[in-house]
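The next block holds one structure in the form of structure tokens; read it before the comments.
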Amino acid sequence: MALVADQTLLEARAMASVVSSRGPSRSWLLLGPAIVSAVTSCHRPIDPTQLVIGVQSDPMGGVVSALRVVVHVAGALVVDELVKPEHGSRVGFPQPWEKALPGAGKGSARVEVEVDAIGDPTASKPLFQRLSSTQFVPGRVALLRVPLESRCIVYPPAPRGQSKVPGPLSGPTCTAPATCISGICQSSFVPPALLEPYAKNWPSNAPDRCKPRGGGAPDLQVGTGQSYYLPLTSRQVLQAEAGPQGGHHIWVATRMKNLKQAGTTTKIVGVQPETRTTIPPTTLAFTYAPDEGGYCKLFGIRYQLDNEGIDYKQFLGKPLDVSVTTTDPSGSTATATALVQIAPTLLNP
């Protein structure tokens, strides 16, 4: 900035030598604006405040055809964008999307984000809606990360018919301002203190509390729980229940560390130890949530006893080995098994 001011003053002096013959009053009239500009330009601070909205997604298996992203700043609409696959193919869609919002002069104004994941373009409702909100942090360029999770897809009820194959697992329907996070309805507000500094490679550099540098070998534990992780004791009784899509499930939860928080797959296989009857595996790509002691947890997993149409009744009242294998994007893996006892009756027949 000093170089710019010096150059302006040099130009002003040169102008003075040209106009000196016109008289001092005329010279100062010409020089005045240049000198003021040179001085004020050095003392005018630039406000770097920005908030970058970063939307990234779990693998969606091709069911999402478009995203509609709507952003309001202090109640005013600033973004309304329909995001579609670049070449028409849904493979790998949605890709990471970002939008930088200037915050100069806006103080700590509130920013509200709404992302609709659209399946069938003719449907009246999106597959799910993800909400997020925060505030500008004066003087900072911050990132508001908005993850889209496949476990939040809300499927229409499956018709009761002759098919023994249950419908897909359905996410919750949340009432705004709550939104689906980790498969349950939670607050959509992100406190400004928890915002990350923006980096160009934000889609791949997500802070990972589950796999710190030098953390050691992967550790995995199998538990249960619909709304949180609960440890299991050997042969603990779990009661199966009928799900909203016609299947019958038990609640499974997992707890791990030294595996990546995002992108880790969780594969569950149930085996009846007396008959060796095996339930076809269920594989999930859900993001883990931070837990105590350096662990991360995944809860609210509906593990279907009748996956792929197998008869669930043969497991009622009998033991079941529930084996879980987790594999993260780097190839690190861990396996754990819990022996449980399935109750002889359903919770909600």
Side-chain angles (χ1 to χ4, degrees), residues 53-70 80-99 113-132 145-159 161 163-174 179-184 202-204 206 243-247 249 260-269 279-288 298 300-304 306-310 325-331:
I53 310 299
V55 179
Q56 62 185 143
S57 177
D58 283 348
M60 291 293 178
V63 299
V64 177
S65 65
L67 299 178
R68 186 185 179 196
V69 185
V70 177
D80 188 347
E81 183 174 340
L82 187 66
V83 183
K84 294 184 177 181
E86 287 187 4
H87 305 291
S89 174
R90 299 186 186 184
V91 177
F93 184 79
Q95 294 293 317
W97 176 95
E98 70 174 65
K99 181 73 71 175
V113 181
E114 175 185 313
V115 182
D116 289 342
I118 300 168
D120 181 355
T122 64
S124 60
K125 293 182 179 180
L127 290 171
F128 66 92
Q129 184 181 82
R130 177 64 157 87
L131 304 179
S132 189
R145 193 183 293 270
V146 185
L148 308 181
E149 302 174 77
S150 57
R151 67 191 333 201
C152 293
I153 295 176
V154 180
Y155 292 98
S163 175
K164 295 182 179 180
V165 180
L169 299 180
S170 189
T173 300
C174 304
T179 193
C180 178
I181 301 175
S182 298
I184 60 175
W202 65 267
S204 60
Q245 302 299 310
H249 63 269
K260 293 289 290 183
Q261 181 177 7
T264 292
T265 59
T266 303
K267 180 180 178 181
I268 308 174
V269 178
I279 301 172
T282 295
T283 302
L284 313 167
F286 295 158
T287 299
Y288 277 72
L298 191 62
I301 303 172
R302 291 186 179 100
Y303 180 55
Q304 294 184 220
D306 46 9
N307 192 26
E308 297 186 12
I310 192 171
T325 300
T326 49
T327 305
D328 77 4
S330 70

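Every heavy atom of this structure was used, including side-chain atoms; hydrogens, water molecules and symmetry mates were not.
- Thr179 places none of its side-chain heavy atoms less than 4.5 Å from the side chain of Ser132.
- Across all non-hydrogen atoms, the minimal contact from Gly119 to Ser65 is O-OG, 2.6 Å.
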#### Entry: Steps toward side chain to side chain contact (heavy atoms under 4.5 Å, CB included) verdict (Asp80, Arg68)
CA-CA 7 Å; Asp80 188 347; Arg68 186 185 179 196; 2.7 Å; yes
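- In this structure a side-chain-to-backbone donor-acceptor pair under 3.5 Å is missing from Asn307 to Ile279.
- Using modelled atom types, no side-chain atom of Arg151 and backbone atom of Cys180 make a donor-acceptor pair closer than 3.5 Å.
- Considering Thr283, Leu284, Thr327 in turn, Thr283 is the only one that fulfils the side chain to side chain contact (heavy atoms under 4.5 Å, CB included) rule with Lys267.
- Looking at Thr264 and Tyr288, their side chains come closer than 4.5 Å, going by heavy atoms from C-beta outward.
- The closest side-chain heavy-atom distance from Lys125 to Thr173 is not below 4.5 Å.
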### Task
Walk me through it: do Thr326 and Leu298 pass the test side chain to side chain contact (heavy atoms under 4.5 Å, CB included)?
CA-CA 11 Å; Thr326 49; Leu298 191 62; over 6 Å; no
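- Side-chain N or O atoms of Arg145 include one that pairs as donor or acceptor with a backbone N or O of Trp202 at under 3.5 Å.
- Between Ile118 and Leu82, the closest side-chain pair of non-hydrogen atoms falls below 4.5 Å.
- Between the side chain of Asp306 and the backbone N or O of Gly309 there is no donor-acceptor pair closer than 3.5 Å.
- Residues Ser170 and Ile153 form no side-chain contact, since every pair of their non-hydrogen atoms from C-beta on lies 4.5 Å or further apart.
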### Message
With side chain to side chain contact (heavy atoms under 4.5 Å, CB included) as the criterion, how do Thr282 and Gln304 come out once you've worked through the C-alpha distance, each side chain's angles and the decisive distance to 0.1 Å?
### Response
CA-CA 8 Å; Thr282 295; Gln304 294 184 220; 5.6 Å; no
### Task
For Glu149 and Ile181, run side chain to side chain contact (heavy atoms under 4.5 Å, CB included): C-alpha distance rounded to whole Å, both residues' side-chain angles, the deciding distance at 0.1 Å, then the answer.
CA-CA 8 Å; Glu149 302 174 77; Ile181 301 175; 4.2 Å; yes
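- Val154 and Phe128 make their closest contact through N-CB, 4.5 Å (heavy atoms, listed as atom of the first residue, atom of the second, distance).
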Throw together a table of side-chain donor-acceptor distances under 3.5 angstrom for residues 85-96, partners on residues two or more places apart or in other chains.
unit_1: Ser89; atom_1: OG; unit_2: Val91; atom_2: N; d: 3.3
unit_1: Arg90; atom_1: NH1; unit_2: Gly62; atom_2: O; d: 3.3
unit_1: Gln95; atom_1: NE2; unit_2: Gly92; atom_2: O; d: 2.5

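- Although no hydrogens or angles enter the test, the distance criterion places no donor-acceptor pair under 3.5 Å between the side chain of Gln56 and the main chain of Pro147.
- Minimum interatomic distance between Val63 and Leu127 (heavy atoms only, all atoms of both residues): O-CD1, 3.4 Å.
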